[in-house]
Amino acid sequence: FPSHDNAVSRGAINTPHNGYSPRGAPGWEAPTELRPDNEGRVAGSNLSPGKYSVTVSAPGHIKQSRAIDLQPGQLFDLGEIRLLEELSGEKKPVDFWEISYGVALEKAKKEKKPLFVMLTTKNCGWCKKLEEDTLSLSTIQEFLGPFIKVQVYADKDQEQGELAKKLGAGGYPTLVFLNSDETLLNRFFGYRAPTAFALECAKAYEKAKIPQPEELKKLVEKEKKNSG
């Protein structure tokens with residue numbers, strides 16, 4: 001890591017309530033933050049045996065976490081961890097939604113294009129954040145270019161609620177990629193920052209056998225190297 005703005009924190013996984021206690025609750029061990037040296041190396045010592053979660057973070061990058069089970073007298077080497085840079089750039093209005101799912105589906109069939117469906121509700125805060133932070137990014141809009149895009153408001157009426165259920169809503173937002181025959185390409189749940197969202201797009205590209213844009217292809221290759 002090039003600078004001391006980067007950090008590695010570690011904390012015990014085991015909690016008094018199987019991982020569901022709020023931070024700072026009695027019984028939680030306070031996390032330890034470690035700063036890398038000038039060569040990017042980090043070392044921790046005097047740790048008790050047990051299970052730990054190690055999180056590596058840096059400004060403008062996507063943090064990574066690793067779980068380790070430290071045995072008595074053991075030296076545990078996590079090796080080299082590289083963080084993906086978070087996508088950034090020009091923001092554009094999110095004004096690409098079709099008027100309804102029926103219209104979008106008809107258009108997808110006519111143009112032989114897949115669909116991107118955002119299952120949402122009127123008061124979904126994370127859905128609004130997804131539009132503001134992620135879907136507004138010009139790079140993400142480019143990645144969504146091959147898809148017919150539509151929102152389904154599950155709380156609008158009974159018909160929309162049943163449609164959301166049919167499409168596999170599991171909380172909001174639920175993001176669904178479909179072929180024009182409504183076969184599933186990819187489905188995921190909850191807010192995603194731009195890079196994580198782009199990697200989900202890549203899965204739909206692959207399943208639909210659509211050539212990936214060069215920038216998306218490079219991002220997938222970097223992610224494979226990092227996770228490998």
Side-chain angles (χ1 to χ4, degrees), residues 62 84 86-122 124-156 159-224 226-227:
I62 301 172
L84 277 178
E86 187 62 83
L87 290 172
S88 60
E90 180 188 0
K91 294 287 187 77
K92 292 184 175 182
V94 183
D95 55 5
F96 46 60
W97 303 113
E98 297 296 330
I99 194 170
S100 70
Y101 181 79
V103 168
L105 183 59
E106 184 178 346
K107 186 175 181 180
K109 289 178 178 178
K110 184 177 180 180
E111 299 182 12
K112 297 181 180 179
K113 288 184 176 181
L115 296 107
F116 168 65
V117 188
M118 178 175 171
L119 306 180
T120 182
T121 60
K122 294 174 185 175
C124 173
W126 285 110
C127 304
K128 292 181 175 67
K129 183 173 174 61
L130 181 73
E131 290 196 76
E132 292 169 3
D133 295 355
T134 300
L135 300 183
S136 63
L137 201 64
S138 59
T139 304
I140 295 298
Q141 293 194 14
E142 179 190 346
F143 294 163
L144 287 173
F147 301 88
I148 304 299
K149 296 164 280 288
V150 65
Q151 290 178 305
V152 172
Y153 281 86
D155 57 350
K156 184 179 180 181
E159 182 182 354
Q160 296 298 295
E162 290 175 356
L163 176 58
K165 186 177 180 180
K166 171 190 168 184
L167 294 174
Y172 301 98
T174 294
L175 296 313
V176 186
F177 289 90
L178 300 169
N179 270 319
S180 58
D181 62 0
E182 297 185 278
T183 55
L184 183 66
L185 296 172
N186 188 22
R187 183 191 293 118
F188 57 102
F189 308 97
Y191 170 81
R192 292 289 192 283
T195 299
F197 184 91
L199 292 171
E200 295 290 350
C201 288
K203 296 175 185 177
Y205 269 85
E206 185 176 358
K207 194 83 177 285
K209 297 181 180 178
I210 301 171
Q212 294 179 2
E214 197 59 35
E215 188 173 354
L216 183 58
K217 196 182 296 182
K218 289 178 181 178
L219 184 65
V220 171
E221 289 171 357
K222 284 182 182 179
E223 197 274 336
K224 285 180 179 177
N226 288 2
S227 60

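For reference, positions follow the sequence shown, starting with 1. Quick note: numbers below take in every heavy atom, side chains included, and nothing from hydrogens, waters or symmetry partners.
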Notebook entry, point to check: So Glu182 and Lys109, salt bridge (Lys or Arg N to Asp or Glu O under 4.0 Å) or not? Walk me through it.
Noted result: CA-CA 10 Å; Glu182 297 185 278; Lys109 289 178 178 178; 5.3 Å; no
Next item on the list: Starting from the C-alpha separation in whole Å, work towards a yes-or-no answer on side-chain contact (heavy atoms from CB on, under 4.5 Å) for Lys107 and Lys110.
Entry: CA-CA 5 Å; Lys107 186 175 181 180; Lys110 184 177 180 180; 5.7 Å; no
Item checked: Audit row: Phe143, Glu215, side-chain contact (heavy atoms from CB on, under 4.5 Å) steps and yes/no -> CA-CA 9 Å; Phe143 294 163; Glu215 188 173 354; 4.2 Å; yes
Checklist line | Steps toward side-chain contact (heavy atoms from CB on, under 4.5 Å) verdict (Tyr101, Leu167) | finding: CA-CA 11 Å; Tyr101 181 79; Leu167 294 174; 4.0 Å; yes
Next item on the list: In sequence, state the C-alpha distance, the side-chain angles, and the governing distance for Leu185 and Leu115, and then conclude on side-chain contact (heavy atoms from CB on, under 4.5 Å).
Entry: CA-CA 9 Å; Leu185 296 172; Leu115 296 107; over 6 Å; no
Notebook entry, point to check: Checking ring pair (Phe, Tyr, Trp, His ring centres under 6.0 Å) for the pair Phe116/Phe197: CA distance, chi angles, key distance, verdict?
Noted result: CA-CA 12 Å; Phe116 168 65; Phe197 184 91; 5.8 Å; yes
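Of all heavy-atom pairs spanning Leu119 and Ala164, the tightest one is CD1-O, 3.7 Å. When all heavy atoms of Thr120 and Cys127 are compared, the closest pair comes out as OG1-SG, 3.1 Å. Scanning all heavy atoms of the two residues, the minimum distance from Leu175 to Gly190 falls at CD2-O, 3.7 Å. Contact record, Leu219 with Ala198: CD2-CB, 3.6 Å, taken as the closest heavy-atom pair. Minimum interatomic distance between Ala202 and Val220 (heavy atoms only, all atoms of both residues): CB-CG2, 3.5 Å.
Side-chain atoms of Lys207 never come within 3.5 Å of backbone atoms of Leu178 as a donor-acceptor pair (strictly under, hydrogens ignored). In this structure a side-chain-to-backbone donor-acceptor pair under 3.5 Å is missing from Lys218 to Pro213. Distance alone, capped at 3.5 Å, is enough to place a donor-acceptor pair between the Gln141 side chain and the Leu135 backbone.
Between atom CG of residue Leu144 and atom SG of residue Cys201 there is a gap of 4.5 Å, rounded to the nearest 0.5 Å. With rounding to the nearest 0.5 Å, the separation of NZ in Lys92 from OG in Ser136 is 11.0 Å. Residue Lys113 holds its NZ atom at 10.0 Å from CD1 of Ile210, rounded to the nearest 0.5 Å. A distance of 9.5 Å separates SG of Cys124 from CD of Glu131, quoted to the nearest 0.5 Å. Here the CH2 atom belonging to Trp126 is positioned 14.0 Å from the OG1 atom belonging to Thr121, to the nearest 0.5 angstrom. Taken to the nearest 0.5 Å, the NZ atom of Lys91 stands 11.0 Å off from the CD1 atom of Ile140.
Counting heavy atoms from C-beta outward, Val150 and Met118 have side chains that stay 4.5 Å or more apart.
No more than 12 heavy atoms of other residues, nucleotides or ligands lie within 6.0 Å of CD in Glu106, so this atom counts as exposed by the packing criterion. Other residues, nucleotides and ligands contribute at most 12 non-hydrogen atoms within 6.0 Å of the NZ atom of Lys165.
In this structure, Lys149 has no salt bridge (charged side-chain N to carboxylate O under 4.0 Å, His left out) partners at least two apart in sequence or on a different chain.
Among residue pairs with one or both ends in residues 199-218, those qualifying as ring pair (Phe, Tyr, Trp, His ring centres under 6.0 Å) are Phe147-Tyr205; sequence neighbours excluded. The side chain to side chain donor-acceptor pair (under 3.5 Å) analysis of residues 183-198, with sequence neighbours excluded, yields the pairs Glu86-Thr195, Asp133-Tyr191, Asn179-Thr183, Asp181-Thr183, Asn186-Glu200.
Screening Val94, Asp95, Ile99 for a side chain to side chain contact (heavy atoms under 4.5 Å, CB included) involving Trp97 leaves a single residue, Val94.
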